[in-house]
Amino acid sequence: EAGVVQSPRYKIIEKKQPVAFWCNPISGHNTLYWYLQNLGQGPELLIRYENEEAVDDSQLPKDRFSAERLKGVDSTLKIQPAELGDSAVYLCASSPTKGRNTGELFFGEGSRLTVL
Amino acid sequence: GQNIDQPTEMTATEGAIVQINCTYQTSGFNGLFWYQQHAGEAPTFLSYNVLDGLEEKGRFSSFLSRSKGYSYLLLKELQMKDSASYLCAVRDSGYSTLTFGKGTMLLVSP
């Protein structure tokens, strides 16, 4: 079974430029998460989707960050414009439908963003 | 809100046993997870506790005390490849999001 796929793995941009990250969750996983992870820190939630609905986006900085999950499968996370402090790893994770297991999250390898 | 606390760093010797503690304060509780994360890689699931007690899985065990808001991850027969960050994460209620601690960086030396 294929895992969570993210792209690009690495991205270097100048500040004020836009950037987008893409995530393809594990097939059949209805819940999708975007987390941000700074060096030496644990992942911090940005947004959680149940199918195509964003059910928790309270930590998403909406002035510059946006996300979508059209058709309830793939998702994109966009930053426009990027700031120096956005340099981090952006992790996508998915989990199966409630009630079928412990609800553990399966993570992709992440997209490492460097803003110069 | 949630507060999850774990030590920043730990060191141990190959073949030894190490215990990584995690304390949490949450408004509700519906499970505690431990993840392992090697440098530059994705976090991978290690264990899950929702009831009090010890869950054993090979060289790794995880313990939970809900009344104390406390968990630990026990790693036995340490190997060099166990050098990684260990993340404690709590789900507060229902089927909601996991909130992660800052992670404990474990360094295993020969």
Side-chain angles (χ1 to χ4, degrees), chain A residues 2-7 9-10 23-26 29-51 53-60 88-114, chain B residues 1-10 20 22-24 26-51 55 57 60 62 64 73 84-107:
Chain A
V4 177
V5 179
Q6 292 188 243
S7 69
R9 287 293 314 279
Y10 304 93
C23 173
N24 178 240
I26 293 173
H29 283 194
N30 296 331
T31 308
L32 184 146
Y33 310 77
W34 283 101
Y35 279 87
L36 177 154
Q37 187 174 28
N38 287 302
L39 188 63
Q41 302 293 312
E44 300 172 38
L45 179 73
L46 290 172
I47 190 168
R48 174 169 69 101
Y49 283 94
E50 294 291 344
N51 298 304
E53 181 183 0
V55 296
D56 184 354
D57 64 355
S58 57
Q59 302 303 311
L60 189 71
V89 176
Y90 293 84
L91 292 166
C92 180
S94 68
S95 64
T97 303
K98 174 182 179 179
R100 292 185 182 176
N101 63 13
T102 62
E104 72 181 85
L105 272 59
F106 296 81
F107 284 90
E109 292 188 304
S111 295
R112 181 177 296 276
L113 174 65
T114 301
Chain B
Q2 306 199 69
N3 185 41
I4 300 170
D5 193 34
Q6 48 182 132
T8 303
E9 292 181 355
M10 298 184 71
I20 303 174
C22 172
T23 57
Y24 63 89
T26 61
S27 54
F29 179 84
N30 193 25
L32 187 142
F33 296 74
W34 284 96
Y35 279 78
Q36 179 191 59
Q37 186 176 27
H38 286 100
E41 298 183 10
T44 55
F45 172 77
L46 287 178
S47 69
Y48 167 73
N49 296 70
V50 68
L51 300 176
E55 294 284 341
K57 189 186 296 184
F60 294 4
S62 58
L64 175 67
L73 180 69
S85 179
Y86 291 86
L87 300 162
C88 174
V90 174
R91 186 167 59 203
D92 61 0
S93 63
Y95 205 76
S96 63
T97 304
L98 296 189
T99 300
F100 286 83
K102 295 183 177 182
T104 299
M105 180 62 67
L106 174 66
L107 177 62

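Protein chains get the first letters and strands the later ones, always in sequence-line order, with residue 1 at the start of each.
- The OG atom of B:Ser85 sits 10.0 Å away from the CD atom of A:Gln41 when rounded to the nearest 0.5 Å.
- With rounding to the nearest 0.5 angstrom, the NZ atom of B:Lys102 is 10.5 Å from the CG atom of A:Asn38.
- The line from OH of A:Tyr33 to CG of B:Leu98 is 6.0 Å long, rounded to the nearest 0.5 Å.
- Remark: B:Thr97 OG1 to A:Ile47 CD1 distance equals 10.5 Å, nearest 0.5 Å.
- Judged purely by atom type and a 3.5 angstrom limit, B:Tyr35 uses its side chain to pair as donor or acceptor with the backbone of A:Leu105.
- Contacts of B:Gln6 with chain A are absent, with no heavy-atom separation under 4.5 Å from either backbone or side chain.
- When all heavy atoms of A:Pro43 and B:Leu87 are compared, the pair lying nearest together is CD-CD1, 3.9 Å.
- With sequence neighbours excluded, the residues forming a side-chain contact (heavy atoms from CB on, under 4.5 Å) with B:Ala42 are A:Phe107, listed by chain and number.
- Contacts of A:Gln37 with chain B are made by side-chain atoms alone, with heavy-atom separations under 4.5 Å and no backbone atom involved.
- Residues meeting the side-chain contact (heavy atoms from CB on, under 4.5 Å) test with A:Arg112, sequence neighbours left out: A:Tyr10, A:Val89.
- At least one side-chain heavy atom of B:Phe33 sits less than 4.5 Å from a side-chain heavy atom of A:Glu104.
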